[in-house]
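Numbering of ligands and ligand atoms starts at 1, following listing order. In what follows, residues are counted from 1 in the order of the sequence shown.
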Amino acid sequence: MTDTILVTGATGNLGRSVVQALRTTGFRVKAASRHPETVPLAEHVEAVRMDYTDPSTVAPALANVKGVFLIAPPMDPEAPAKLKPIIEKAKTLGVEHIVFTSALGADQSEQSPLRIVERALIASGVNYTILRPNFFMENFSAGFVSPMIKSQGSIFLAAGEGKTSFISTQDIAEVAATAFAKKLFGKEYNLTGPDALDHTEVARIISRAIGKKITYQPLSEEAMLQGARQMGMPEGAVQYMRVLYAAVRAGYTAAVTSDVETVTGRKPMTFDAFARKNAAAWA
Ligand SMILES: NC(=O)c1ccc[n+]([C@@H]2O[C@H](COP(=O)([O-])OP(=O)(O)OC[C@H]3O[C@@H](n4cnc5c(N)ncnc54)[C@H](OP(=O)(O)O)[C@@H]3O)[C@@H](O)[C@H]2O)c1
């Protein structure tokens with residue numbers, strides 16, 4: 001198989017896993033970033049510059065690709081305005097398939113930015129697959145929660161006692177690569193890990209994996225959002241975060257689905273296995 005897939009967000013937690021899974025499956029990859037010099041060199045991977053806010057970068061990135069793995073900038077209320085032109089340009093250039101990463105529950109509100117992108121993709125006429133993953137396990141090892149664990153030994157979030165069926169980006173990536181390889185057109189998958197865990201349980205699992213006590217310190221919503229503002233998060237993203245963690249506290253992120261196994265033929269990774277595999281990340 002020598003088809004080329006454009007991976008957007010290729011430097012991010014999910015994108016890196018998707019590049020790897022596509023290579024393993026036998027695809028060539030164009031790995032897109034606003035800073036292509038930061039894309040790790042690898043066989044069958046070509047780094048390309050693509051910035052959703054710079055239209056001059058879009059057509060060159062989309063040229064000569066069979067498929068596009070599309071992500072939205074994280075927690076960005078402006079995602080529809082940024083991604084609709086990409087979908088339209090992909091259609092014009094004859095891209096066969098777009099696999100779009102939305103988020104679990106996005107289809108519960110027609111006004112949510114990711115749902116608006118889903119609708120635009122479905123209406124575009126380009127073959128599509130929609131992935132709706134739950135919160136990533138990698139948020140704790142390489143994403144925004146990781147610095148709290150490393151520097152303060154605690155997870156500070158307004159997650160209450162809500163449970164979440166966290167999923168590894170490796171499982172999402174394997175679903176994405178399978179969607180391209182098997183041309184899973186017109187399909188929508190709600191992707192979760194195998195267990196719903198609250199953040200006290202997550203802290204306990206990480207503690208066990210690294211041999212050091214990590215705790216969960218529940219915050220009030222206002223304290224969490226104030227902390228995010230102090231870290232320089234734009235107000236649109238702060239409000240997005242408010243909605244996300246209200247959903248966690250309300251139990252909306254606890255559902256466990258079998259969609260990973262349906263697509264890949266194997267069960268998704270447990271948090272325990274993830275924490276043991278990534279223990280070095282918290283050293
Ligand atoms: N994290 C979660 O728990 C979770 C759960 C469900 C869904 N999702 C969704 O999954 C996707 C990936 O999340 P992630 O955690 O992997 O994100 P991440 O690690 O923060 O990476 C974000 C990526 O977006 C790219 N990006 C940002 N602004 C861009 C722009 N203007 N133009 C082009 N690229 C831009 C960045 O590339 P450069 O900086 O290299 O340009 C980076 O590769 C996001 O859409 C997120 O909403 C995340």
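Considering backbone and side-chain N/O atoms, Pro133 never comes within less than 3.5 Å of an N/O atom of ligand 1. At least one N or O atom of Asn13, backbone or side chain, sits closer than 3.5 Å to an N or O atom of ligand 1. Below 3.5 Å of separation, one finds an N or O of Asn139 facing an N or O of ligand 1. At least one N or O atom of Gly9, backbone or side chain, sits closer than 3.5 Å to an N or O atom of ligand 1.
Judged purely by distance below 3.5 Å, without hydrogens or angles, the side chains of Glu174 and Gln170 never pair a donor atom with an acceptor atom. Using a 3.5 Å distance cut-off with no hydrogens or angles, the side chains of Thr178 and Thr264 do not pair a donor with an acceptor. Side chains of Thr11 and His35: a donor-acceptor N/O pair is absent below 3.5 angstrom, by distance only. Under the 3.5 Å distance criterion, with hydrogens and angles disregarded, no donor-acceptor pair is assigned to the side chains of Thr192 and Asn134.
Ranking protein heavy atoms by distance to atom 21 (O) of ligand 1, first place goes to Gly12 CA, 3.3 Å. In terms of protein heavy-atom proximity, atom 31 (N) of ligand 1 is nearest to Asp51 OD1, 3.2 Å. When hydrogens are left out, the protein atom nearest atom 45 (O) of ligand 1 is Ala72 O, 2.5 Å; that is the closest non-hydrogen contact. Here the heavy atom of the protein found nearest to atom 35 (C) of ligand 1 is Arg34 NE, 3.8 Å. In this structure, atom 43 (O) of ligand 1 lies nearest to the protein heavy atom Thr11 OG1, 2.7 Å.
Atoms of ligand 1 lying under 4.0 Å from at least one heavy atom of Leu14, given by number and element, are 16 (O). Close approach of ligand 1 to Thr101 is summarised as follows: ligand atoms under 4.0 Å from at least one heavy atom of the residue are 10 (O). Short contacts between ligand 1 and Pro74, defined as distances under 4.0 Å to a heavy atom of the residue, involve ligand atoms 17 (O), 20 (O), 22 (C), 47 (O). Interface atoms of ligand 1 facing Ser102, defined by a heavy-atom separation under 4.0 Å, are 7 (C). Using a 4.0 Å cut-off to heavy atoms of Ser33, the atoms of ligand 1 that qualify are 38 (P), 40 (O), 41 (O).
Between the CG atom of Asn190 and the CZ atom of Arg132 there is a distance of 5.0 Å, given to the nearest 0.5 Å.
Of the listed residues (Asn134, Ile71, Val7, Leu104), the one carrying the non-hydrogen atom nearest atom 24 (O) of ligand 1 is Ile71. The residue among Phe135, Phe136, Tyr52 with a heavy atom at the shortest distance from atom 4 (C) of ligand 1 is Phe136.
Checked against the 6.0 Å centroid threshold, Tyr245 and Tyr240 do not count as a close aromatic pair. The aromatic ring centroids of His97 and Tyr128 lie 6.0 Å or more from each other.
Relative orientation of the Phe166 and His199 rings is perpendicular, given thresholds of 30° and 60° on the angle between their planes.
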The test is salt bridge (Lys or Arg N to Asp or Glu O under 4.0 Å); show your working for Lys30 and Glu46 and say whether it passes. CA-CA 5 Å; Lys30 265 191 178 183; Glu46 176 199 349; 5.1 Å; no
Can Arg266 and Asp171 be said to form a salt bridge (Lys or Arg N to Asp or Glu O under 4.0 Å), step by step? CA-CA 9 Å; Arg266 42 160 216 86; Asp171 288 313; 3.0 Å; yes
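Note on Phe140 and Leu104: separate hydrophobic clusters, where clusters join Ile, Leu, Val, Met, Phe, Trp and Tyr whose side-chain heavy atoms are under 4.5 Å apart, directly or indirectly.
Only the backbone of Met50 comes within 4.0 Å of ligand 1, counting heavy atoms alone; no side-chain atom from C-beta on gets that close.
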